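Everything below concerns the one structure shown next.
Just so it is clear, the structure is predicted and the values come from calculations on it, not from any experiment.
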Amino acid sequence: MAWLRTGSISSFLIVIFLVITSLMSIVSQIGPWPGALPQDLVAIDLAAKLRLDSHATALVSTDFGGLTQVAPAAVFYPSSPHDIAVLVQFSYSSSRPFTVAPRGHGHSIRGQAFAPDGVVIDMPSLGRGRADRIIVHSDDSSFRYVDAGGEQLWIDVLHAALEHGLSPPSWTDYLYLTVGGTLSNAGVSGQAFRHGPQISNVYELDVITGKGEMVTCSRDYNSELFYAVLGGLGQFGIITRARIALEPAPQRVRWVRLIYDDFGAFTRDQERLIAISASWESKKKGGGFDYVEGSVLAADGSPIGSWRSSSFAGWDAERIARLGAQHGVIYCLEGAMYYDSVRASRSWVVVDEELELLLEELSFVPGFAFTNDVSYERFLDRVHDGELKLRSMGLWDVPHPWLNIFLPKSGIQDFNSGVFKKILKHNESTGPILFYPLNKNKWDERMSSVIPDEEIFYSIGLLWSAIMDDWEYLENLNMEIIQFCDQKGIKYKQYLPHYLSQEDWMKHFGPRWDKFVEMKRKYDPKALLSPGQKIFTTSLVDHATN
Ligand code: ZME
C-alpha cells in the first residue's frame with residue numbers, strides 16, 4: 001500500500017513537473033511574447049497550437065496577389081472548429097482583444113486574409129485530406145448534398161462528389177481555393193448564368209461568429225447570419241462547414257471557342273446564350289450551353305496568358321493572329337455542353353447535332369469555331385493545367401495585380417471602346433482578360449455580395465501576371481480603367497473588392513451599407529474578424545456600455 005501511495009504521489013509530482021516544464025518550454029519556444037497579444041493567452045491550452053516564430057508568420061504574410069506583405073503576431077493551427085471558437089471567445093472577452101483572420105489556400109489578391117498584430121488561423125490544419133471533413137449525402141435523390149469543411153479545397157469536393165456520380169452545379173475557374181474563401185465572396189464562373197454564383201447553391205453553414213459562438217444557420221434558422229456570411233467578406237463569421245447542393249455529374253464536355261471581330265455580335269451572342277440556356281425549361285428541351293464565358297484576345301490573337309491551347313481541333317494561332325492584326329482587338333466566346341454516354345438527357349448521340357444547330361444561330365467569324373472534347377473533371381480543372389505550365393516556367397509565383405469588376409450591361413459599349421480599344425490597345429501584358437454576362441435573377445440579394453442593379457451584368461476579370469516586374473504599371477492600368485468608368489458614370493461594382501477607406505466601402509455597398517453595419521454589430525461587434533478587408537478598423541461597441 002505504502003509504495004503505491006508514494007508511487008502515486010511521485011507520479012503526481014512528475015505530472016506537475018512535466019506540465020510546468022512543457023508550459024515553460026512553450027513560453028520559451030514562442031517567446032518573446034508579442035506586445036500585441038494579451039499575456040494570459042499563453043496560459044490556455046490553445047497556446048500549444050500557436051506559433052510566433054518568423055518561419056510560421058512569414059508563410060501567411062503574403063498571398064497570391066503578391067503585392068503586399070504583413071506579418072501577424074501569431075499563427076494558430078486549430079485541430080477542430082471548437083479550437084477556433086475558444087480562440088475567438090478568448091479575444092472577445094479579453095481586456096486586450098486581438099484580430100483574427102482565417103486563411104485558406106492564400107489566394108486573396110490584396111491581403112484580405114492578413115491580421116496585422118493579430119492571429120492568422122491556418123484553416124488547412126482543420127483537416128485537408130480528412131475523410132470526415134467531406135461527406136457526400138446521396139441517398140435521397142431529391143435532396144443530395146455534400147457537407148464540406150470550410151478549409152476544404154473545391155478540387156477535393158469535386159473528387160468526393162464524383163465518386164457518387166454527383167457534382168456541385170456552380171464553380172470558380174480555379175479549384176484550388178477553399179470552400180470558406182469562395183463563399184465569403186460569391187464564387188463565379190461560366191455556370192453562374194444558369195445556377196447562380198456558388199453562394200446561391202448552399203443549404204446550410206456552420207459559422208463561428210466574432211463573439212466565438214458556433215452557430216448553424218440556413219434560410220430557415222439563424223437566417224440573418226446565413227445571408228450575411230454568404231458574400232460577407234469574412235466580416236461576420238468563420239465558415240467551418242458548408243452544405244452544398246449536388247446534381248448528377250455529366251461524364252463529358254464538348255467545349256468550343258468561337259472568334260469574333262465585332263464586339264456587338266460577340267455580346268449579342270453571349271447574351272442570347274445565357275438567355276436560352278438559363279431556364280430549366282430550355283434545358284429540358286436540350287437547349288444551349290451549360291457553361292458560357294468569353295475573353296478578349298491581344299492584338300496578335302494570342303489568348304493572353306496560359307490558354308494558348310492547341311488541344312482545340314483546328315485551332316490555328318496564325319490565322320487568329322492575322323485576324324487580330326486586322327482588327328486590333330478580337331474576342332473569344334467560350335461555351336461548353338455537358339453530355340453523357342449513358343443518360344438520356346443529352347447523350348453523345350445528340351450532342352453533335354445540338355451543337356451544330358446552336359452554332360448555326362451564332363455570328364462568329366465564319367471558319368473560326370474550334371472544338372475540344374474532354375472529361376468533366378478535366379474541364380473543371382482546366383486552369384490547373386495552365387498552372388502547371390506556368391510553374392514549370394517560373395511564371396506562377398509572380399505578382400497578380402488583378403482587377404475584377406461587375407459591369408452593368410448598359411456600360412459595355414463604352415467599356416469596349418474606352419478600355420479594350422484604347423487603354424489596353426497596345427498592352428502586351430500577360431494574363432487572360434475575361435468578359436462574360438450573368439443574370440441578376442440568379443443572385444439572392446439578401447446575401448452580402450454586391451452586384452450592379454441591372455438584369456444583365458458582365459463579369460470582367462483582368463487577370464494580370466506581372467512577369468516583367470511591371471506590377472506598378474499594371475496597377476496604373478487598373479486605376480485608369482476605374483477612373484474611366486467613374487468618368488463615364490458606369491455603375492460597376494468591384495468583385496473581390498478592395499478599398500482603403502470606410503468612405504469607399506460605404507459607396508461600394510450603397511443602400512446596403514446600413515444592413516452590413518447592423519450585421520457587424522450583431523455578429524462581430526468588436527471588429528475582430530478579417531481585418532485585412534479594411535472595412536471596419538475599430539470596435540463598434542463603446543466601452544461605457546460594454
Ligand atoms: C495566373 C493565371 C490565371 C493563369 C491562368 N489563369 C486563369 N486562366 C483562365 N481563367 C482563369 C484564370 N484564373 C482565373 N480564371
Side-chain angles (χ1 to χ4, degrees), residues 34 36-37 46 49-81 83-88 91 98-130 133 148-157 172 174-185 187 205-210 212 229 231-242 397 399-400 402 496-498 524 527-536:
L37 298 181
L46 293 179
K49 295 173 182 174
L50 275 177
R51 280 181 61 181
L52 308 173
D53 58 281
S54 60
H55 297 289
T57 58
L59 286 173
V60 301
S61 301
T62 57
D63 60 14
F64 182 72
L67 301 164
T68 47
Q69 196 167 343
V70 183
V75 186
F76 184 62
Y77 302 86
S79 316
S80 66
D83 281 352
I84 299 175
V86 174
L87 181 83
V88 178
S91 175
F98 49 87
T99 60
V100 169
R103 181 185 196 271
H105 201 55
H107 269 257
S108 55
I109 293 298
R110 292 165 193 282
Q112 284 92 337
F114 292 173
D117 289 336
V119 177
V120 166
I121 304 179
D122 177 70
M123 294 299 280
S125 36
L126 282 180
R128 185 166 182 215
R130 255 177 62 179
R133 299 285 299 163
E151 77 287 356
Q152 296 297 322
L153 298 183
W154 283 99
I155 182 74
D156 296 326
V157 175
T172 48
Y174 184 60
L175 305 184
Y176 292 72
L177 306 171
T178 58
V179 165
T182 73
L183 296 184
S184 295
N185 288 282
L205 298 171
D206 283 346
V207 164
I208 295 161
T209 69
V229 165
L233 306 176
Q235 295 305 297
F236 310 107
I238 298 169
I239 299 170
T240 56
R241 177 184 62 96
D397 289 313
H400 296 102
W402 289 8
L496 316 174
H498 167 66
D524 182 24
L528 304 180
L529 301 179
S530 298
Q533 298 279 7
K534 299 189 166 73
I535 305 176
F536 300 97

Check whether any side-chain heavy atom of [X] sits under 4.5 Å from a side-chain heavy atom of [Y], and report yes or no.
{"X": "Ser530", "Y": "Pro102", "value": "yes"}
{"X": "Thr62", "Y": "Gln69", "value": "yes"}
{"X": "Val60", "Y": "Pro72", "value": "yes"}
{"X": "Ile109", "Y": "His498", "value": "no"}

_Evaluation steps, side chain to side chain contact (heavy atoms under 4.5 Å, CB included), between Ile535 and Gln235_ = CA-CA 8 Å; Ile535 305 176; Gln235 295 305 297; 3.8 Å; yes
Roughly how far, to the nearest 0.5 Å, is [atom2] of [Y] from [atom1] of [X]?
{"X": "Thr68", "Y": "Asp63", "atom1": "OG1", "atom2": "CG", "result": "5.5 Å"}
{"X": "Leu87", "Y": "Leu50", "atom1": "CG", "atom2": "CG", "result": "6.5 Å"}
{"X": "Leu205", "Y": "Ile238", "atom1": "CG", "atom2": "CD1", "result": "13.0 Å"}
{"X": "Ile121", "Y": "Ile208", "atom1": "CD1", "atom2": "CD1", "result": "7.0 Å"}
{"X": "Ser79", "Y": "Arg130", "atom1": "OG", "atom2": "CZ", "result": "8.0 Å"}
{"X": "Leu496", "Y": "Ser184", "atom1": "CG", "atom2": "OG", "result": "11.5 Å"}

*Once the angle between the rings of Phe64 and His400 is folded into 0 to 90°, is it parallel (under 30°), tilted (30 to 60°) or perpendicular (over 60°)?*
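Ring orientation of Phe64 relative to His400: parallel.
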*asked:* Checking Phe536 against Asp524 for the side chain to side chain contact (heavy atoms under 4.5 Å, CB included) test, could you report, in this order, the C-alpha distance in whole Å, the side-chain angles of both residues, the deciding distance, and whether it holds?
replied: CA-CA 10 Å; Phe536 300 97; Asp524 182 24; over 6 Å; no
*Do side-chain atoms of Asp156 reach the backbone of Gln152 as a donor and acceptor pair under 3.5 angstrom?*
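No; judged by distance alone, with no hydrogens or angles, the pair does not exist.
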_Tell me if a side-chain donor or acceptor on Arg110 pairs with a main-chain N or O of Trp402 at a distance below 3.5 Å._
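The answer is yes, because a donor-acceptor pair under 3.5 Å joins these two groups.
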If you take all heavy atoms of [X] and [Y], which pair is closest and at what distance?
{"X": "Thr99", "Y": "Ala527", "value": "CG2-O, 4.1 Å"}
{"X": "Ala101", "Y": "Pro531", "value": "CB-CD, 4.1 Å"}
{"X": "Leu37", "Y": "Ala74", "value": "CD1-CB, 3.9 Å"}
{"X": "Leu529", "Y": "Gly234", "value": "CB-O, 3.4 Å"}
{"X": "Val229", "Y": "Gly237", "value": "CG2-N, 4.3 Å"}
{"X": "Leu233", "Y": "Pro497", "value": "CD1-CG, 4.0 Å"}

_Derivation of the side chain to side chain donor-acceptor pair (under 3.5 Å) call for Trp154 and Thr172_ = CA-CA 9 Å; Trp154 283 99; Thr172 48; 5.4 Å; no
*asked:* Quick one, Thr178 with Met123, criterion side chain to side chain contact (heavy atoms under 4.5 Å, CB included). Give me CA distance, side-chain angles, the key distance, then yes/no.
replied: CA-CA 9 Å; Thr178 58; Met123 294 299 280; 5.9 Å; no
*Residue among Asp122, Val120, Val100, Leu46 satisfying side chain to side chain contact (heavy atoms under 4.5 Å, CB included) with Phe76*: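 In the set Asp122, Val120, Val100, Leu46, the residue that makes a side chain to side chain contact (heavy atoms under 4.5 Å, CB included) with Phe76 is Leu46.
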*Within a reach of under 6.0 Å around NZ of Lys534, are more than 12 heavy atoms found that belong to other residues, nucleotides or ligands?*
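It does not: Lys534 NZ has 12 such atoms or fewer within range.
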*State which residue, out of Arg128, Arg241, Arg133, fulfils the side-chain hydrogen bond (donor to acceptor under 3.5 Å, both in side chains) condition with Glu151.*
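Result for side-chain hydrogen bond (donor to acceptor under 3.5 Å, both in side chains) with Glu151: Arg133.
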*Check step by step if side chain to side chain contact (heavy atoms under 4.5 Å, CB included) holds for Leu59 and Val75.*
CA-CA 9 Å; Leu59 286 173; Val75 186; over 6 Å; no
